[in-house]
Amino acid sequence: MLKLKAMRGRYRWRQLHSIKELRTNPNSYPSKKTLTQRRHNDKPRPVGDSDIKQWNMVISYYMRNSQLDSALHFFNLMPRRSSVSYNAMISGYLMNGRFDLARNLFDEMPERDLVSWNVMISGCVRNNNVAAARELFEEMPERDVVSWNAMLSGYAQNGCIDEARKIFDRMPCKNSISWNALLATYVQNGRMEEACRLFESKLDWDLVSWNCLMGGFVKKKMLVDARRVFDRIPFRDKISWNTIITGYVQNGEIEEARRLFNESPVRDVFTWTAMVSGFVQNGLVDEARETFEQMPQKNAVSWNAMIAGYVQCKRMDMARKLFDKMPFRDITTWNTMITGYAQSGEIAHARDFFDRMPRRDPVSWAAMIAGYAQSGYSEEALRLFVDMKRDGERLNRSSFACALSTCAHIAALELGMQLHGWLVKAGYESGSFVGNALLLMYCKCGGIEEACSAFEEIMEKDIVSWNTMIAGYARHGFGKEALKIFESMKAAGVKPNDTTMVGVLSACSHAGLVDRGMEYFYSMNQDYGITANSRHYTCMVDLLGRAGRLDEAQKLIRNMPFEPDAATWGALLGASRIHGNTKLAEMAAELIFEMEPENAGMYVLLSNLYAASGRWADVSKMRLKMRDTGVKKVPGCSWLEVQNKIHTFSVGDSCHPDRDKIYAYLEELDLKMKREGYMSSIKLILHDVDEEEKEHMLKYHSEKLAVAYGILSIPAGRPIRVMKNLRVCEDCHNAIKYISKIVGRLIILRDSNRFHHFREGSCSCGDYW
DNA sequence: ATAGGGTTAG
């Protein structure tokens, strides 16, 4: 009995499947030409039912190909329309996400039948609008099992398990699809235990449900359970085989996948494509290509999988060859190429494809924006985000999060605030996903007050929200505030993790709370079960070192239960430098050189240290060493945002359009600073440059240029926010303190390590960084 | 023309 039913199901599914295959393989459609011919042939004859049927077919053909205008054109040309014609149009609009057009047609159609209502409901469900679906469902004059099933799966897909269950219990008539929808409710929401319980409670499940259950296990990577289901299925179809093969593929068990593939009696495009992508995911491009060549038929997805394979191993030339050879490209093909070029650093090629593609979707935009952001073209990334909004593309949560993290990276506060405004309009701000991105943006852009209110606005604070806020305060030098947040976190019943404690310890360090920091460090294992890692040790070395307790810091390093890393020695180096212990600094630097010979910052740091104590011979030695090891000093650069535009400066920069004004202003400032008692620390510059030249180079360090430009172009009363890619140099730090006093402005400088808030002649870092 | 399962891109 079971077998008979399964066979009947199998037949139906074969039929349905062939339709799906048609959808993904445009080559199988009748050509536009034959369709037009048919139209002309039809015209002179009297209009009968069979003619309407043909028109309807034309409409749904165009709709499936997303050619909405052509579909509408033929719809308007029809001599007579049945409700099926309307339904085809409505369903097509919904298939293409055009709820508005569907709704209009639905409202104006002369007589709606049951199918019209059902089409609308399922369309709403497909576009994830259960509320609208439910409204239609309540409104419709009569319902059949399709209406109930559509509603049920609507709730299932949107995670409303209880609602789904309620609908199921209320259904006046159920068929196997209803049962399967209930099963899918549990499976899609990861409730495998409940799914199994339901499955065991009934005997005559059809094949789709068996496959659904197995697919649930595959998605949860529970391969053993999936295999058990597979072995128990009374009658397997190709979807059963494809599901289990995909399961092995996605878990890296490519050999088992290959074995089943060879054993499978029912291979189709899906099976073959799964194998191609399986080889790709396991790094076997050549095997993938071999399989690809052997495929009896290929669709766009198969080509895309193969192209993605070349993309993943950075063989863009091969990817390009396939792209050119491909007979039918879809939007994924273009998106894959864009991603590929972006990831191999060929950003211009990526942009070229982006500009040339016939149609763009949110994935295309995201790929291009992320490509720019990852290659360091943050400005272009953000410009594109703005273009995207202008083009009327719907911005989703992840596009916002991506744009916000780009803002955070380059500290584009103004743009970040604009994004915040758009976010509020789109109604996205209260969740923790976007909320955390917003919080991080404000923290990294130096807007600590804004960060604080963004934090308070997150309705569901998760551990990331708390950690970001604590670390944010710490980096800005507001240690006490950070600790206050830590206390509220505990009061809210959130258990701190290791990242939390890094923030807490560095907050103690920045606030000079040595004893409290030690207490936290030594009790965190007992209190929260957190074992100290190297980041925690680094904080402690920093904490002790900042307080001048260099011996204790050394002792701590010696007693570490694992090998100290470069960052830990770096903390000791920083502390020794501040407290003038050249010998200790040298030792730390030597160790760091061994671990990270390519770390240019260390050479510069040590070289400056020698210069400070007048050891010019050692300075030269460092220079030689840098040359010998081929390490290049990363050029310092600073930037700031003025009216949504990023202005970048490097040492002695003469590219800025306002350079004359900036240099003149710096001269003016220099005089005033000297009158206040400022002395430029000439000793920091390599000694073989003559004195005047040295002073000149110091005077025009990138951060000074940026600060000067900020004072000139940002209205009084607003803080000047400058970013630097390296640590701020000692002379600049000193100079900016004077400047903040002379001009009476708040200057916030983000260097590669932390934030400095300069106000009234002093800095929030307490001259330790 | 409407309801359920498997392959590609961020």
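Letters A, B, ... are given to chains in the order of the sequence lines, protein chains preceding strands, and every chain is numbered from 1.
- Out of B:dA3, B:dG4, B:dA9, the shortest distance to the side chain of A:V363 is found at B:dA9.
- Note: CG (A:L183) to P (B:dA3) measures 19 Å, nearest angstrom.
- With rounding to whole Å, A:N87 atom CG is found 10 Å from B:dA1 atom P.
- Taking atom CE of residue A:M140 and atom C1' of nucleotide B:dT2, one finds them 10 Å apart after rounding to whole Å.
- Between A:F323 and A:W303, the ring centre distance reaches or exceeds 6.0 Å.
- One finds no side-chain N or O of A:T336 lying less than 4.0 angstrom from the OP1 or OP2 phosphate oxygen of B:dT8.
- In this structure, the CD1 atom of A:I331 is 15 Å from the P atom of B:dA9, given to the nearest Å.
- Using a 4.0 Å cut-off, some side-chain N or O of A:R126 falls inside it from OP1 or OP2 of B:dA3.
- Remark: P of B:dT7 and CD1 of A:I244 are 13 Å apart, rounded to the nearest angstrom.
- Taking only distance into account, the side chain of A:N149 never meets the base of B:dG4 through a donor-acceptor pair shorter than 3.5 Å.
- Under the 3.5 Å distance criterion, with hydrogens and angles disregarded, no donor-acceptor pair is assigned to the side chains of A:T291 and A:E287.
- Set against B:dT8, B:dG10, B:dT7, the side chain of A:Q281 has B:dT8 as its closest nucleotide.
- Side-chain proximity of A:A150 to B:dA1, B:dG10, B:dA3: nearest is B:dA3.
- Side-chain proximity of A:V301 to the nucleotides B:dT7, B:dG4, B:dA9 is greatest for B:dT7.
- Counting non-hydrogen atoms under 4.0 angstrom, A:T273 reaches a base of the nucleic acid.
- Aromatic ring centroids of A:F354 and A:W365 lie under 6.0 Å apart.
- Rounded to a whole Å, the CD1 atom of A:I121 is 11 Å from the P atom of B:dA3.
- Closest to the side chain of A:V146, from the set B:dG10, B:dA3, B:dG4, is B:dA3.
- Using a 4.0 Å heavy-atom distance criterion, A:R267 is classed as making no nucleic acid contact.
- When side chains are defined from C-beta on, A:Y341 does not count as touching A:D352, because their heavy atoms never get closer than 4.5 Å.
- Proximity note for A:Q343 (side chain, C-beta onward) versus B:dA1, B:dG10, B:dT7: the nearest is B:dG10.
- You'll find that the side chain of A:V84 is closest to B:dA1, out of B:dA1, B:dG4, B:dA9.
- The listed nucleotides are B:dA9, B:dT2, B:dT8; the one nearest the side chain of A:T339 is B:dA9.
- Using a 4.5 Å heavy-atom threshold, the side chains of A:Y248 and A:E255 count as separate.
- Across all strands, A:N175 comes closer than 4.0 Å to base atoms (heavy-atom distances).
- As judged by a 4.0 angstrom heavy-atom cut-off over every strand, A:V119 is placed among residues touching the sugar-phosphate backbone only.
- For A:F168 and A:W179, the ring centers sit closer than 6.0 Å to each other.
- One atom, CG of A:L213, and another, C1' of B:dG4, lie 14 Å apart when rounded to the nearest Å.
- The distance between atom CZ of A:F168 and atom C1' of B:dA3, rounded to the nearest whole Å, is 14 Å.
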